Visitor: 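I have a structure I would like to understand better, so I am pasting it below and will then ask my questions one at a time.
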Amino acid sequence: MLIYNTLTKQKETFTPITPNVVNLYVCGMTVYDYCHLGHARVMVVFDMVVRYFRALGYQVTYVRNITDIDDKIIKRAHEKGETIQSLTEYFIQIMHEDADALGVLRPDHEPRATYFITEIINMIQHLIDKGYAYQRAQMSDVYYAVNQFKDYGKLSGKRLEELRAGERVEVDTAKQDPMDFVLWKTAKPNEPSWDSPWGAGRPGWHIECSAMSTCHLGNHFDIHGGGMDLQFPHHENEIAQSEGATGEPFVNLWMHNGFVRINEEKMSKSLGNFFTVREVLDRYRPEVVRYFILASHYRSPLNYSDQQLDTAKQSLDRLYTALRGLTLTHIPCPNEEYRQRFHEVMQDDFNTPEALAILFELAREINRLRVDNQAQAIVLANELTMLGGLLGLLQTDPECYFQSAEHSLSTEMIEQFIAERNAARQNKNWAESDRIRDVLKAQGIILEDSAKGTIWRKE
RNA sequence: GGCUGAGUGGCAGAGGGGUUAUGCAGCGGCCUGCAAAGCCGUGGACAUCGGUUCAAAUCCGGUCUCAGCCUCCA
């Protein structure tokens with residue numbers, strides 16, 4: 001298994017710390033708003049990674065955190081006049097609904113920052129004890145002293161002098177070094193807070209991930225993932241915190257997924273150019289969105305457009321069309337050629353576009369065989385379904401896929417029309433036959449005649 | 001300015017020193033009453049300038065362009 005490691009900037013052979021075990025931590029959401037497509041990408045990509053590791057027989061523990069306390073949450077709750085708890089509970093539920101829709105399996109653990117305050121305080125205390133953190137005055141913020149950690153910058157390739165030179169924000173006089181970052185934030189009036197040795201306050205953003213990941217997965221674990229934008233400062237700071245506190249290496253392999261873009265620009269909250277998962281699911285079925293995400297390599301940029309989603313739909317239709325009308329036997333396919341090639345490309349840094357290309361080759365072969373050698377076609381259809389399943393795709397019954405969505409006509413009515421049309425066709429009344437077909441077409445129902453009869457699907 | 005990464009056919013998107021990616025769209029054919037779906041065939045590409053090499057889209061260097069990070073962000 002080759003995986004690109006951001007830490008070394010190259011593909012590496014993945015070697016688990018414990019044979020056959022993968023411990024994976026991914027930075028999840030800050031729950032103060034709806035998930036957008038960028039969040040969907042992280043969820044789908046790492047879902048694919050987890051599924052694939054499991055398919056290879058690894059015992060995976062997958063942790064994806066939930067940030068349920070931070071400035072934006074406080075601000076949003078205040079604006080909406082509701083409690084932080086009700087705000088975060090609501091958006092956690094929304095996130096779960098979106099993830100479920102996209103076929104994203106729940107992580108094994110979804111720790112929340114507010115449930116780990118004790119562990120966070122302990123970790124900060126360790127850092128202070130070891131000289132990595134300081135408090136300038138009683139009842140003031142606690143900072144991480146970046147210059148105490150000699151490897152600072154090893155993940156992002158940044159050097160402290162350059163960072164300081166590029167410092168744009170006004171120097172905070174409470175810090176010893178402009179690059180120092182906050183571990184514990186003193187509470188202002190009316191802000192939620194927890195007691196600590198440094199006064200009432202709340203954790204800084206980075207420390208929660210250090211505390212929760214090491215609690216669940218140990219001081220040293222295999223893979224840590226997240227979006228590219230977390231590389232710096234978030235993940236860099238996590239390394240500094242965790243390795244500073246534990247004295248052990250933190251993570252062997254860092255995986256970062258590329259951004260979703262709109263018009264060649266990063267989709268983000270601050271730019272306001274985002275689509276929420278809900279908006280997109282309003283117009284495209286979830287599996288199409290999942291396909292769309294997996295049709296690009298996880299490290300490449302993913303440009304969002306309606307045209308792209310339309311194409312994704314057509315592609316997925318093609319795969320399901322190949323499966324249509326074949327009853328799966330679930331007997332393993334003796335021809336291992338496709339499976340082998342699929343695994344080869346997946347084991348090269350999760351090359352899902354290449355893996356999908358192999359599925360299309362399978363689809364073509366099924367279509368070739370289906371008339372003259374249905375038994376063999378079914379064998380390959382089993383294989384296609386199985387391989388698709390490794391990506392979390394093609395698990396719907398093809399008939400349901402093509403017919404399930406809501407339409408203005410009931411199935412009975414559609415079948416009634418088809419019967420009428422077939423009667424007309426018997427009489428070679430092509431005008432009437434075509435008229436009925438056009439009527440259905442206008443309702444978004446496509447008819448397909450074949451030797452075995454007429455089938456229909458939603459456009 | 002510093003640090004990343006990228007520039008592939010009409011669109012999307014892999015690959016990557018000599019041999020078809022794949023999907024959508026196009027063109028020709030088969031099938032069909034006509035379609036649709038499917039099958040067969042087909043055109044079309046590697047930003048630019050140099051270098052290495054028998055051979056470069058693929059390696060190296062320069063240039064241009066784009067994106068990202070350096071501030072919250074998946």
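Keep in mind that what you see is a predicted model, and the values were worked out from it rather than measured. Chain letters run A, B, ... following the sequence lines, proteins first, then strands; residues in each count from 1.
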Visitor: Give me the distance, rounded to whole Å, that separates B/rA47 from B/rC64 when you measure between the C1' atoms they each carry.
Guide: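 To the nearest whole Å, 8 Å.
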
Visitor: Tell me the interatomic distance from A/Phe402, atom CZ, to B/rG38, atom P, rounded to whole angstroms.
Guide: 9 Å

Visitor: Check whether any side-chain heavy atom of A/Tyr143 lies under 4.5 Å from a side-chain heavy atom of A/Gln176, and answer yes or no.
Guide: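 With C-beta onward as the side chain, the pair stays apart.
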
Visitor: Within residues 348-379 of chain A, which residues have any heavy atom lying less than 4.0 Å from an atom of RNA chain B?
Guide: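 When residues 348-379 of chain A is checked for heavy atoms under 4.0 Å from RNA chain B, the hits, listed by number, are A/Asn351, A/Pro353, A/Glu354, A/Ala357, A/Phe360, A/Arg364, A/Asn367, A/Arg368.
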
Visitor: Taking salt bridge (Lys or Arg N to Asp or Glu O under 4.0 Å) as the definition, give me every residue that meets it alongside A/Glu344, ordered by chain and number, with sequence neighbours left out.
Guide: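 A/Glu344 satisfies salt bridge (Lys or Arg N to Asp or Glu O under 4.0 Å) with no residue once adjacent residues are dropped.
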
Visitor: Would you check if A/Val251 and A/Ile239 make a side-chain contact, meaning some heavy-atom pair closer than 4.5 Å?
Guide: no

Visitor: When all nucleic acid strands are considered with a 4.0 Å heavy-atom cut-off, which category describes A/Gly227: base, sugar-phosphate, or nothing?
Guide: sugar-phosphate

Visitor: In whole Å, what separates the P atom of B/rA35 from that of B/rG10?
Guide: 29 Å

Visitor: Taking side chain to side chain contact (heavy atoms under 4.5 Å, CB included) as the definition, give me every residue that meets it alongside A/Thr67, ordered by chain and number, with sequence neighbours left out.
Guide: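 Partners of A/Thr67 under the side chain to side chain contact (heavy atoms under 4.5 Å, CB included) test: A/Thr30, A/Asn65, A/Asp70, A/Trp205, A/Glu208.
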
Visitor: Which whole number of Å gives the distance between the C1' atom of B/rG17 and that of B/rU53?
Guide: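 Nearest-Å result for B/rG17 against B/rU53 at atom C1': 9 Å.
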
Visitor: I need the residues from residues 255-265 of chain A with at least one non-hydrogen atom less than 4.0 Å from RNA chain B; give them sorted by number, or say none.
Guide: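 Close to the strand are A/Asn257, A/Gly258, A/Phe259, A/Val260, A/Arg261, A/Glu264, A/Glu265.
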
Visitor: How many whole angstroms separate atom CG of A/Asn273 from atom C1' of B/rA67?
Guide: 13 Å

Visitor: Check residues 426-433 of chain A and write down every donor-acceptor pair under 3.5 Å in which the side-chain atom is one partner and the other belongs to a residue at least two apart or another chain.
Guide:
unit_1: A/Asn427; atom_1: ND2; unit_2: A/Ala423; atom_2: O; d: 3.3
unit_1: A/Asn429; atom_1: OD1; unit_2: A/Glu432; atom_2: N; d: 3.2
unit_1: A/Glu432; atom_1: OE1; unit_2: A/Arg435; atom_2: NE; d: 3.1
unit_1: A/Glu432; atom_1: OE2; unit_2: A/Arg435; atom_2: NH2; d: 3.1
unit_1: A/Ser433; atom_1: OG; unit_2: A/Arg421; atom_2: NE; d: 3.2

Visitor: Would you please indicate if the ring centroids of A/Phe53 and A/Phe14 are separated by under 6.0 Å?
Guide: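 So the answer is yes for these two rings.
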
Visitor: Please list all pairs meeting salt bridge (Lys or Arg N to Asp or Glu O under 4.0 Å) that have one or both residues in residues 369-379 of chain A, counting only residues at least two apart or in different chains.
Guide: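 Output for this query is empty, none listed.
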
Visitor: How far, in whole Å, is B/rG13 from B/rC31 if one measures between their P atoms?
Guide: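 Those two atoms are separated by 38 Å.
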
Visitor: Please measure how far the C1' atom in B/rC30 lies from the corresponding atom in B/rA21, and state the result in whole Å.
Guide: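 Their C1' atoms lie roughly 26 Å apart.
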
Visitor: To the nearest angstrom, how far is A/Asp229 atom CG from B/rA74 atom P?
Guide: 7 Å

Visitor: Heavy atoms under 4.0 Å, any strand shown: does A/Lys158 hit a base, just sugar-phosphate, or nothing?
Guide: base

Visitor: Using atom C1' of each nucleotide, how far apart are B/rC24 and B/rG5 to the nearest Å?
Guide: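 To the nearest whole Å, 27 Å.
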
Visitor: Taking the side chain as C-beta and beyond, is there a heavy-atom pair between A/Tyr298 and A/Met255 under 4.5 Å?
Guide: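 Result yes, sub-4.5 Å side-chain heavy-atom pair found.
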
Visitor: Between A/Asn5 (side chain only) and A/Gln10 (backbone N and O only), is there a donor and an acceptor less than 3.5 Å apart?
Guide: no

Visitor: What pairs of residues pass the side chain to side chain donor-acceptor pair (under 3.5 Å) test when at least one of them lies in residues 385-394 of chain A, not counting sequence neighbours?
Guide: none

Visitor: Let me know, please, whether A/Asn303 or A/Leu271 comes out on the 5' side of the other along RNA chain B by nearest nucleotide.
Guide: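 In this pair, the answer is A/Asn303.
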
Visitor: Rounded to the nearest angstrom, tell me the gap between atom OH in A/Tyr298 and atom P in B/rA14.
Guide: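 So the two atoms are 12 Å apart, to the nearest Å.
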
Visitor: Reckon A/Ser296 touches a base, only the sugar-phosphate, or nothing at all at heavy-atom distances under 4.0 Å?
Guide: sugar-phosphate

Visitor: Mapping A/Arg299 and A/Leu302 onto RNA chain B by nearest heavy atom, which one lands closer to the 5' end?
Guide: A/Arg299

Visitor: Is it true that a side-chain atom of A/Ser300 and a backbone atom of A/Ser296 form a donor plus acceptor pair closer than 3.5 Å?
Guide: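 Such a contact is absent between A/Ser300 side chain and A/Ser296 backbone.
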
Visitor: Quick one: A/Arg341 CZ to B/rA21 P, roughly how many Å, whole number?
Guide: 13 Å

Visitor: CG of A/Leu7 versus C1' of B/rU4: gap in Å, rounded?
Guide: 14 Å

Visitor: When we call it a touch if two heavy atoms are under 4.0 Å apart, what does A/Met43 touch: a base, just sugar-phosphate, or nothing?
Guide: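 If one applies the 4.0 Å heavy-atom cut-off, A/Met43 turns out to touch nothing in the nucleic acid.
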
Visitor: How does protein reach along nucleotides 28-37 of chain B, written 5' to 3' as B (base within reach of a heavy atom under 4.0 Å), S (only sugar-phosphate), or - (no contact)?
Guide: -----BBBBS

Visitor: Mind checking if A/His234 touches a base, just sugar-phosphate, or nothing, with heavy atoms under 4.0 Å?
Guide: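 No contact.
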
Visitor: Rounding to the closest angstrom, what is the interatomic distance between B/rA74 and B/rA37 at atom P?
Guide: 41 Å

Visitor: Phosphate oxygens OP1/OP2 of B/rA25: is one of them under 4.0 Å from a side-chain N or O of A/Gln307?
Guide: no

Visitor: Enumerate donor-acceptor pairs with a distance under 3.5 Å from any side-chain N or O in residues 256-263 of chain A to protein atoms, sequence neighbours excluded.
Guide:
unit_1: A/His256; atom_1: ND1; unit_2: A/Thr6; atom_2: OG1; d: 2.7
unit_1: A/His256; atom_1: NE2; unit_2: A/His235; atom_2: ND1; d: 2.8
unit_1: A/Arg261; atom_1: NH1; unit_2: A/Glu264; atom_2: OE1; d: 2.7

Visitor: Show me the pairs that pass salt bridge (Lys or Arg N to Asp or Glu O under 4.0 Å) and involve residues 295-307 of chain A, at least two apart or across chains.
Guide: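 Only A/Arg283-A/Asp306, A/Arg299-A/Asp349 qualify under salt bridge (Lys or Arg N to Asp or Glu O under 4.0 Å).
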
Visitor: Please enumerate all residues that pass salt bridge (Lys or Arg N to Asp or Glu O under 4.0 Å) together with A/Glu399, with sequence neighbours excluded.
Guide: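 Only A/Arg324 meet the salt bridge (Lys or Arg N to Asp or Glu O under 4.0 Å) criterion with A/Glu399.
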
Visitor: Ignoring backbone atoms, establish whether A/Thr311 has a side-chain N or O less than 4.0 Å from OP1 or OP2 of B/rA25.
Guide: no

Visitor: To the nearest Å, give me how far apart CG (A/Leu391) and C1' (B/rU22) are.
Guide: 14 Å

Visitor: Counting N and O atoms only, with roles assigned by atom type, does the side chain of A/Lys175 sit under 3.5 Å from a partner on the main chain of A/Asp180, one being a donor and the other an acceptor?
Guide: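 Yes, A/Lys175 side chain to A/Asp180 backbone: donor-acceptor pair under 3.5 Å.
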
Visitor: For B/rC69 and A/Lys266 - does any side-chain N or O of the residue sit under 4.0 Å from the phosphate oxygens OP1/OP2?
Guide: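 So the side chain of A/Lys266 is within the cut-off, an N or O lying under 4.0 Å from OP1 or OP2 of B/rC69.
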
Visitor: On a whole-Å scale, what distance lies between the C1' atoms belonging to B/rG62 and B/rU42?
Guide: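 Nearest-Å result for B/rG62 against B/rU42 at atom C1': 40 Å.
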
Visitor: Donor-acceptor check, side chain of A/Ser156 to backbone of A/Gln231, threshold 3.5 angstrom: yes or no?
Guide: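 No, A/Ser156 side chain to A/Gln231 backbone: no donor-acceptor pair under 3.5 Å.
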
Visitor: Would you write the dot-bracket representation of RNA chain B, where each base gets (, ), [, ], | or . depending on whether it forms a Watson-Crick or G-U pair under 3.5 Å and with which partner?
Guide: (((((((..(((.....[...))).(((((.......)))))....(((((..]....))))))))))))....

Visitor: Grab the NE2-P distance between A/His235 and B/rC70 for me, whole Å please.
Guide: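 Nearest whole value for this atom pair: 13 Å.
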
